[in-house]
K.L.:
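This structure is in structure tokens; I'll ask about it shortly.
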Amino acid sequence: MKTDVLKSIRETEEEYQVMIRDAQAERKKSLSDAELEAENLVRKAQKDAEDYRNQRLTEARAEAQNRYAEIVREGEARAEALEAQGSKNHAKAVDFIVSRFKEQLHVKA
């Protein structure tokens, strides 16, 4: 009877040792899975941040290009207006210079 009890105790201890090893293996696997998931989340967050940064840079470049084109258009319009104004006054300026030249000629003659 004593040997049966001791044998039963030993078997129970062995069962518990197996259960403890299984629990430790499961714990290691859970920790490994959690670390892997955390690494994946960090990589995804970094990729999302990089994608967002690239998107914002693209938008900023497009906005700067649009602003540049707008400034160039405004400058060209102002240059055309000044040229038109100058062309309109060109005949008057030539007449004025010629008349002043004639006046100078008559004064000296």
K.L.:
Just how far is it from atom CD of Gln104 to atom CZ of Phe101, taken to the nearest 0.5 Å?
P.N.:
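So the CD of Gln104 and the CZ of Phe101 are separated by 9.0 Å.
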K.L.:
Does Glu59 pair with Arg56 as a salt bridge, N-O distance under 4.0 Å?
P.N.:
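Yes, Glu59 and Arg56 are salt-bridged.
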K.L.:
With a sphere of 6.0 Å drawn around CD of Glu50, does it hold more than 12 non-hydrogen atoms of other residues, nucleotides or ligands?
P.N.:
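Counting other residues, nucleotides and ligands, CD of Glu50 exceeds 12 neighbours.
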K.L.:
First locate atom CG of Asn66, then atom CD1 of Ile71, and finally report the distance between them rounded to the nearest 0.5 Å.
P.N.:
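Spacing of CG (Asn66) from CD1 (Ile71) equals 11.0 Å.
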K.L.:
Are Glu14 and Arg10 within salt-bridge range, i.e. N to O under 4.0 Å?
P.N.:
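The answer is no: the pair does not qualify as a salt bridge.
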K.L.:
Donor-acceptor check, side chain of Ser32 to backbone of Lys28, threshold 3.5 angstrom: yes or no?
P.N.:
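A pair under 3.5 Å: no.
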K.L.:
So, taking the atom named OG1 in Thr58 and the one named CZ in Arg53, what distance separates them when rounded to the nearest 0.5 Å?
P.N.:
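Reported to 0.5 Å precision, the distance equals 10.0 Å.
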K.L.:
Whether the side chain of Thr12 engages the backbone of Ser8 through a donor-acceptor N/O pair (distance < 3.5 Å, no angle test) should be reported.
P.N.:
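Between the backbone of Ser8 and the side chain of Thr12 there is a qualifying donor-acceptor contact (under 3.5 Å).
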K.L.:
Quick one, Asn40 and Lys44 - any side-chain contact, counting heavy atoms below 4.5 Å?
P.N.:
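Not in contact.
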K.L.:
Apply salt bridge (Lys or Arg N to Asp or Glu O under 4.0 Å) to residues Lys29 and Glu26 and explain how you reach the verdict.
P.N.:
CA-CA 5 Å; Lys29 184 181 180 316; Glu26 182 64 30; 5.9 Å; no
K.L.:
Could you verify whether a donor N or O on one side chain and an acceptor N or O on the other, from Gln17 and Glu13, lie under 3.5 Å apart?
P.N.:
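The answer is no; no qualifying pair exists.
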K.L.:
Step by step, would you call Asp33 with Glu37 a side chain to side chain contact (heavy atoms under 4.5 Å, CB included)?
P.N.:
CA-CA 6 Å; Asp33 290 347; Glu37 184 178 350; over 6 Å; no
K.L.:
For the CG atom of Asp4 and the CD1 atom of Ile9, what is their distance to the nearest 0.5 Å?
P.N.:
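Going from CG on Asp4 over to CD1 on Ile9, the span is 11.0 Å.
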K.L.:
I'd like to know if Glu70 and Arg73 make a salt bridge, using a cut-off of under 4.0 Å between side-chain N and carboxylate O.
P.N.:
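So Glu70 does not pair with Arg73 through a salt bridge.
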K.L.:
Taking it one step at a time, do Arg43 and Glu39 satisfy salt bridge (Lys or Arg N to Asp or Glu O under 4.0 Å)?
P.N.:
CA-CA 6 Å; Arg43 268 191 242 118; Glu39 287 175 17; 3.6 Å; yes
K.L.:
What's the spacing between Leu57 CG and Tyr52 OH if we round to 0.5 Å?
P.N.:
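Reported to 0.5 Å precision, the distance equals 10.5 Å.
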K.L.:
Can you tell me how far the CD1 atom of Ile97 sits from the CZ atom of Arg100, to the nearest 0.5 Å?
P.N.:
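One gets 10.5 Å once the value is rounded to the nearest 0.5 Å.
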